[in-house]
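Take a look at the structure set out below.
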There are 2 protein chains.
Amino acid sequence: MNMADGAKECEPASKKIKIQSDIQENDENIHTVLKDFSEFQQKRILSINSQRKTICIEGSFNNKSGTAIVLLEKKPFNEESLKNTLDYSCTLHKEFSNDIYGFYECFPSVKYNGIKTTVIHPATEKHIKKYQSQDVHLIEETPELYNSVTLPHLQKEKFSLQWVINILEHKSETDRVVFEDSNPEIGFILLPDLKWDAKQIEDLYLIAIVHQTGIKSLRDLNSCHLPLLKNIKEKGIKAIKEKYNIPSSQLRIYVHYQPSFYHLHVHFTYLKYVAPGIHAERSHILSSVIDNIELMHDYYQKATLSFVVKETETLFLEYEKRGIVKKR
Amino acid sequence: MNMADGAKECEPASKKIKIQSDIQENDENIHTVLKDFSEFQQKRILSINSQRKTICIEGSFNNKSGTAIVLLEKKPFNEESLKNTLDYSCTLHKEFSNDIYGFYECFPSVKYNGIKTTVIHPATEKHIKKYQSQDVHLIEETPELYNSVTLPHLQKEKFSLQWVINILEHKSETDRVVFEDSNPEIGFILLPDLKWDAKQIEDLYLIAIVHQTGIKSLRDLNSCHLPLLKNIKEKGIKAIKEKYNIPSSQLRIYVHYQPSFYHLHVHFTYLKYVAPGIHAERSHILSSVIDNIELMHDYYQKATLSFVVKETETLFLEYEKRGIVKKR
């Protein structure tokens with residue numbers, strides 16, 4: 001679940017107050033009043049992931065207009081939470097046992113068993129599509145297909161990058177910045193991804209957003225960008241080593257294709273952490289990206305790149321229209 | 001976490017009673033008395049999986065001899081559990097909000113938030129190794145490192161490939177073969193991977209093993225192998241379409257580096273299935289492999305390839321000995 005592509009930035013406090021006074025009570029921002037789910041009306045389950053222990057629900061709130069999406073995710077264990085689970089206050093209910101193996105359900109106190117919850121309201125049709133489980137396809141994008149289908153699509157869609165600009169201009173999330181190199185050509189800002197609460201290294205996830213504008217994705221990279229890519233790799237590694245004491249050999253450093261937003265950014269995750277979107281059909285290891293460009297300066301303008309697309313995405317429809325991919 | 005390989009069968013009731021009367025009160029089966037974790041002494045955390053929300057702990061119980069292993073796993077959501085989470089009894093604590101996005105922690109009642117718990121007692125050294133997480137490292141293997149470290153290691157280890165030869169010579173698993181092209185140069189045998197029970201397409205996993213011997217891995221591939229690679233892709237797709245009705249755009253076709261055995265084989269998995277080992281640091285999409293060789297005939301002899309290695313693997317020790325990677 002990646003919030004980033006739809007996420008807007010925190011407004012400055014003064015602006016926020018103004019906006020709130022403008023809107024009707026009925027349409028008051030839900031997040032200023034939400035205390036429990038008693039007013040929530042469930043419409044349908046959009047998706048369930050049994051492996052990650054997540055669920056996405058579409059619904060609405062009584063007396064509020066607009067659709068709401070609720071995302072629930074059980075929290076990972078850590079040393080701290082464990083202390084509060086394995087104590088006398090936690091009761092065990094035995095299901096069955098077999099020789100040396102016993103199978104139980106344990107019930108920690110309420111306060112030690114919170115669930116990570118995200119509420120999106122009002123949610124758009126795009127949000128619903130994003131969280132709805134659906135069929136996916138792999139597209140083998142040749143340079144010709146990039147230029148004739150993908151690129152015109154990107155230019156037409158004009159995704160907003162305001163939230164990225166806000167970060168780069170220090171207008172938001174300034175307190176979250178882990179490292180900055182302010183050089184306009186090779187500099188970047190490193191900060192925790194929204195999926196990481198920055199509390200434990202087990203699921204460490206940072207992103208480096210480049211200061212240079214206009215690099216949409218992997219497809220735009222060539223030998224001119226080698227100093228930028230090497231700088232991100234070197235200084236990103238150094239900053240993470242200093243702050244989190246993780247050596248470079250235990251980091252997965254990569255870019256997505258297609259990315260979730262079209263301003264060059266690099267992902268840094270803890271190697272042992274099975275982060276979302278690290279599959280071979282979506283992620284490209286940064287050191288291979290650098291190596292490919294060193295082997296062939298225009299590698300990313302010549303290569304066929306595969307990417308995954310959901311059936312409801314407009315990019316899928318563009319490829320379907322041309323008979324390059326079709327629904328089952 | 002797979003219990004099956006260590007699990008013993010239920011003893012008949014008569015035998016069970018006999019065994020219980022033989023043992024000392026002190027060594028009474030823990031599962032007959034365990035009610036909570038108040039008597040549990042934690043020794044160390046063996047592993048944490050943040051994605052699956054699991055943790056394994058080694059410890060012991062007061063006044064009981066032997067080691068205990070406790071495995072905790074948060075439970076997946078389902079329609080039933082959801083009803084009891086999203087109700088008035090569940091309180092919400094807001095962490096922060098940003099425009100339409102609100103980030104909360106929700107606290108359901110104790111009884112609706114149980115944790116799946118397995119207790120193994122007494123546990124053996126083998127159990128501990130099985131559940132103990134090992135640190136992994138990413139090695140950036142240049143052609144020089146391949147030739148000076150990896151290749152000599154492979155030649156020294158001499159992994160047995162007898163089971164592969166048995167399949168290729170129709171001496172075993174003949175009834176599992178889905179498709180065969182018997183051409184000695186470009187032919188292969190396609191059969192379900194051992195991890196797939198071949199019962200449902202949701203976790204479809206087949207492998208194509210080439211007839212040609214002597215191709216150890218990706219590193220050996222060059223333009224001479226293009227007919228072989230293209231044949232596997234084309235005929236593998238066709239066989240899967242015919243037998244399982246999955247179109248090529250819903251298949252993930254890839255090779256591993258390092259592979260688990262050094263005789264060229266190609267993996268075919270259902271795109272929606274999160275199969276093990278599909279991460280970008282291990283898997284290489286076959287169409288990119290073909291494309292890379294078409295762009296540069298000796299790409300795989302020139303490229304830097306990253307791979308993941310566990311600290312206990314002998315290949316890690318070879319790289320550690322040379323100071324290329326080190327334990328934290």
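Here the structure is a predicted model, which is why all the values come from computation and not from measurement.
Ranked by heavy-atom pairs shorter than 4.5 Å toward chain B, the options A:K94, A:K111, A:K83, A:K75 are led by A:K75. Comparing B:I246, B:L92, B:L251 by heavy-atom pairs within less than 4.5 Å of chain A, the highest count is held by B:L92. In terms of heavy-atom pairs under 4.5 angstrom with chain A, the leader among B:V308, B:I57, B:T91 is B:I57. When A:I69, A:V136, A:V70, A:V325 are compared by the number of non-hydrogen pairs under 4.5 Å with chain B, A:V136 comes out ahead. Options A:Q200, A:E281, A:K116, A:E202 differ in how many heavy-atom pairs under 4.5 Å they form with chain B, and the most are formed by A:E281. Looking only at heavy-atom pairs under 4.5 Å with chain B, the residue among A:P122, A:G66, A:S306 that has the most is A:P122. The candidate with the highest count of non-hydrogen atom pairs below 4.5 Å against chain B, out of A:D203, A:I139, A:T304, is A:T304. Taking B:S38, B:S249, B:A303 one by one and counting their heavy-atom pairs under 4.5 Å with chain A, the maximum is reached by B:S249. Looking only at heavy-atom pairs under 4.5 Å with chain B, the residue among A:E95, A:E79, A:K326 that has the most is A:E79.
Heavy-atom distances place the side chain of B:I48, and not its backbone, under 4.5 Å from chain A. With a 4.5 angstrom heavy-atom cutoff, B:Q42 touches chain A only via side-chain atoms. For B:Q41, no part lies near chain A; criterion is any non-hydrogen pair under 4.5 Å. With a threshold of 4.5 angstrom between heavy atoms, A:E141 does not approach chain B through any atom at all. For B:Y270, the part sitting under 4.5 Å from any heavy atom of chain A is the side chain, from C-beta outward, and nothing else. Proximity to chain B (any heavy atom under 4.5 Å) is shown, for A:D197, by neither the backbone nor the side chain. Of the two parts of A:R52, the backbone and the side chain both hold a non-hydrogen atom closer than 4.5 Å to a non-hydrogen atom of chain B. With a 4.5 Å cut-off on non-hydrogen atoms, A:V309 does not touch chain B at all. Using a 4.5 Å cut-off between heavy atoms, A:D291 contacts chain B through its side chain alone, with no backbone atom that close. Both the backbone and the side chain of B:D36 have a heavy atom closer than 4.5 Å to some heavy atom of chain A. Within the 4.5 angstrom heavy-atom criterion, only side-chain atoms of B:L82, from C-beta onward, approach chain A. Residue B:L305 does not touch chain A at all, counting heavy-atom pairs closer than 4.5 Å. Using a 4.5 Å cut-off between heavy atoms, A:I45 touches chain B through its side chain atoms alone.
By the ring-ring contact (aromatic ring centres under 6.0 Å, His included) test, B:F61 is found to be paired with B:F40, B:H121, residues two or more places apart in sequence or in another chain being considered. Shown here are the ring-ring contact (aromatic ring centres under 6.0 Å, His included) partners of A:Y254, two or more places apart in sequence or in another chain: A:H256, A:H267.
When all heavy atoms are compared, the tightest approach of B:D135 to A:K272 is OD1-NZ, 3.1 Å. Summarising the geometry of A:L86 relative to B:L72, their closest heavy-atom pair is CD2-CD1, 4.2 Å, with the distance given to 0.1 Å. The two residues A:V274 and B:H279 have their closest heavy-atom pair at CG1-NE2, 3.7 Å. The two atoms that bring A:I115 and B:P108 nearest to each other are CD1-CG, 3.6 Å, heavy atoms only. The two atoms that bring A:L295 and B:M296 nearest to each other are O-CE, 3.5 Å, heavy atoms only.
For B:K310, the NZ atom counts as loosely surrounded, since its 6.0 Å shell holds 12 or fewer non-hydrogen atoms of other residues, nucleotides or ligands.
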**OP:** Would you check, one step at a time, whether the test side chain to side chain contact (heavy atoms under 4.5 Å, CB included) holds for A:F103 with B:T117?
**Re:** CA-CA 6 Å; A:F103 302 91; B:T117 306; over 6 Å; no
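Note: B:H31 and A:Y104 have tilted aromatic rings, judged against thresholds of 30 and 60 degrees for the angle between ring planes.
To the nearest 0.5 Å, atom CD1 of residue A:I278 and atom CD1 of residue B:I278 are 8.0 Å apart. Distance CG/A:L194 to CG/B:N98: 7.5 Å, rounded to 0.5 Å. Here the CG-OG distance, from B:L34 to A:S97, works out to 10.0 Å after rounding to the nearest 0.5 Å.
Geometrically, B:K53 does not engage A:F77 in a cation-pi contact, judged by NZ or CZ lying under 6.0 Å from the ring centre and within 45° of the ring axis.
Side-chain contact between A:N113 and B:K74 is present, with heavy atoms from C-beta onward closer than 4.5 Å. Residues B:L138 and A:Q250 fail the side-chain proximity criterion, which asks for heavy atoms closer than 4.5 Å. A 4.5 Å side-chain heavy-atom check between A:F107 and B:Y112 finds every atom pair outside the cut-off.
B:E140 and A:K233 are joined by a salt bridge, as a carboxylate oxygen and a charged side-chain nitrogen come within less than 4.0 angstrom of each other.
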